[in-house]
Asker: 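Dropping the structure in here first, questions after.
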Amino acid sequence: ATAVDSLSTAMVEGRYVRKRVPVDVLDLFAARLVLDHSEALLVEATTRSLATIRNWPESRGFEIELEPIEASSPRETRLALRLLEPRYRDVFRALCEDVCDVISAHQDELSAIQAFYDRLCRWQSFLQKHGPDGLSQEAQCGLYGELLILRELVLPASDTLRALMAWRG
């Protein structure tokens, strides 16, 4: 079960019902908006760390909003990554898990924020190209064919690493 699924045991704080995601470098929370129950990932950071990013990515399935945090927090700004359309829920949850993994691999806040931004840009590019349903049936067949040729013909006849590095998909 994801952290979002366990929000029934979470705390209500301001506009959100939220539960901490265990990451050391930033304060991360799986959340739902109290008003409409839409899902969100909250990233709390210093304003200084977030100031290095000017244009956050936009997508059909999610939005990003920066908002101030109440004075009781050591961090000043909350970045809310929110699900906009319920049909994107599975993709949004995969996105959130992915960015949490990326953030947890960093030791300082500034590099974690930059990695978070970079990963969101990759997701934005993927969603623009493929939409919420991923690859079309035709593209899936083509990918399967490429992987089959790679496995059956190319890999047995060559160095595995070299073959994989040469493949472009």
Side-chain angles (χ1 to χ4, degrees), residues 1-137 139-140 143:
T2 66
V4 172
D5 293 327
S6 65
L7 285 175
S8 60
T9 61
M11 298 178 3
V12 175
E13 292 190 18
R15 298 172 44 191
Y16 302 98
V17 176
R18 66 187 203 167
K19 189 165 191 169
R20 183 173 292 280
V21 175
V23 171
D24 293 332
V25 68
L26 292 169
D27 290 332
L28 283 179
F29 301 90
R32 285 191 197 275
L33 267 76
V34 172
L35 184 61
D36 65 3
H37 304 284
S38 60
E39 295 178 11
L41 178 69
L42 307 177
V43 180
E44 295 183 356
T46 61
T47 303
R48 179 181 49 80
S49 294
L50 292 170
T52 61
I53 312 281
R54 295 282 183 239
N55 296 313
W56 289 93
E58 297 176 7
S59 178
R60 281 182 290 198
F62 64 84
E63 73 175 355
I64 297 169
E65 181 181 10
L66 296 173
E67 51 193 44
I69 299 176
E70 304 79 35
S72 62
S73 173
R75 298 200 160 100
E76 306 98 8
T77 305
R78 174 180 300 123
L79 185 144
L81 172 62
R82 287 198 295 260
L83 175 64
L84 292 177
E85 297 179 34
R87 70 187 180 116
Y88 286 88
R89 180 171 285 117
D90 291 339
V91 173
F92 182 76
R93 287 183 176 183
L95 180 155
C96 290
E97 285 183 38
D98 183 45
V99 296
C100 288
D101 289 344
V102 165
I103 288 171
S104 68
H106 291 269
Q107 301 300 314
D108 66 278
E109 183 175 287
L110 192 58
S111 68
I113 292 294
Q114 185 62 51
F116 175 66
Y117 170 78
D118 293 343
R119 189 51 60 107
L120 285 179
C121 288
R122 288 180 68 187
W123 273 94
Q124 175 192 33
S125 175
F126 175 82
L127 290 172
Q128 285 174 340
K129 188 173 182 180
H130 301 293
D133 300 320
L135 297 174
S136 67
Q137 186 171 0
Q140 289 176 29
L143 178 60

Asker: Hey, is CD on E58 packed in by over 12 heavy atoms from elsewhere, all under 6.0 Å?
Answerer: no
Asker: Would you say that more than 12 heavy atoms from the other residues, nucleotides or ligands in this model lie under 6.0 Å from the CG of D36, or not?
Answerer: yes
Asker: If you take all heavy atoms of A115 and H106, which pair is closest and at what distance?
Answerer: CB-NE2, 3.1 Å
Asker: Identify whether the distance between the nearest side-chain nitrogen and carboxylate oxygen of R93 and E39 falls below 4.0 Å.
Answerer: yes
Asker: Do V91 and F62 have side chains that get closer than 4.5 Å, going by heavy atoms?
Answerer: no
Asker: Counting C-beta onward and ignoring hydrogens, is there a side-chain heavy-atom pair between D27 and L42 closer than 4.5 Å?
Answerer: no
Asker: To the closest 0.5 Å, what do you measure between CG (L41) and CD1 (I103)?
Answerer: 6.5 Å
Asker: For a 4.5 angstrom cut-off between non-hydrogen side-chain atoms, does L81 reach L95?
Answerer: yes
Asker: CD1 of I113 to CG of L50: how many Å apart, nearest 0.5 Å?
Answerer: 4.5 Å
Asker: Looking at A40 and Y16, what are the two nearest heavy atoms and their distance?
Answerer: CB-CE2, 4.5 Å
Asker: Work out which heavy atom in C100 is nearest to a heavy atom in V23; give both atom names and the distance.
Answerer: O-CG2, 4.3 Å
Asker: With a 4.5 Å limit on heavy-atom distance, are the side chains of R15 and V34 in contact?
Answerer: no
Asker: Evaluate L26 against E44 for side-chain contact (heavy atoms from CB on, under 4.5 Å), listing each step before the verdict.
Answerer: CA-CA 6 Å; L26 292 169; E44 295 183 356; over 6 Å; no
Asker: State, to 0.1 Å, how close V25 and E109 come at their nearest heavy-atom pair, and which atoms those are.
Answerer: CG2-N, 3.4 Å
Asker: Identify the heavy atoms of R78 and I69 that sit nearest to each other, and give their distance.
Answerer: N-CG1, 3.5 Å
Asker: Going from CG on L28 to SG on C96, what distance comes out if it is rounded to the nearest 0.5 angstrom?
Answerer: 9.5 Å
Asker: Tell me whether T52 contacts the main-chain N or O of S49 through its side chain, where contact means a donor paired with an acceptor under 3.5 Å.
Answerer: yes
Asker: Would you say that more than 12 heavy atoms from the other residues, nucleotides or ligands in this model lie under 6.0 Å from the CG of D101, or not?
Answerer: yes
Asker: Going from NE2 on H37 to CG on L83, what distance comes out if it is rounded to the nearest 0.5 angstrom?
Answerer: 14.0 Å
Asker: Tell me the closest heavy-atom pair linking L120 and P57, and the distance in Å.
Answerer: CB-CG, 3.5 Å
Asker: Would one find more than 12 heavy atoms of other residues, nucleotides or ligands at under 6.0 Å from atom CG of D98?
Answerer: yes
Asker: Going by the salt bridge (Lys or Arg N to Asp or Glu O under 4.0 Å) test, name the single residue among R89, R87, R82 that passes it with E85.
Answerer: R87
Asker: Do the side chains of D24 and Q107 get nearer than 4.5 Å, heavy atoms only?
Answerer: no
Asker: Can you say whether the rings of W56 and F116 are parallel (under 30°), tilted (30 to 60°) or perpendicular (over 60°)?
Answerer: tilted
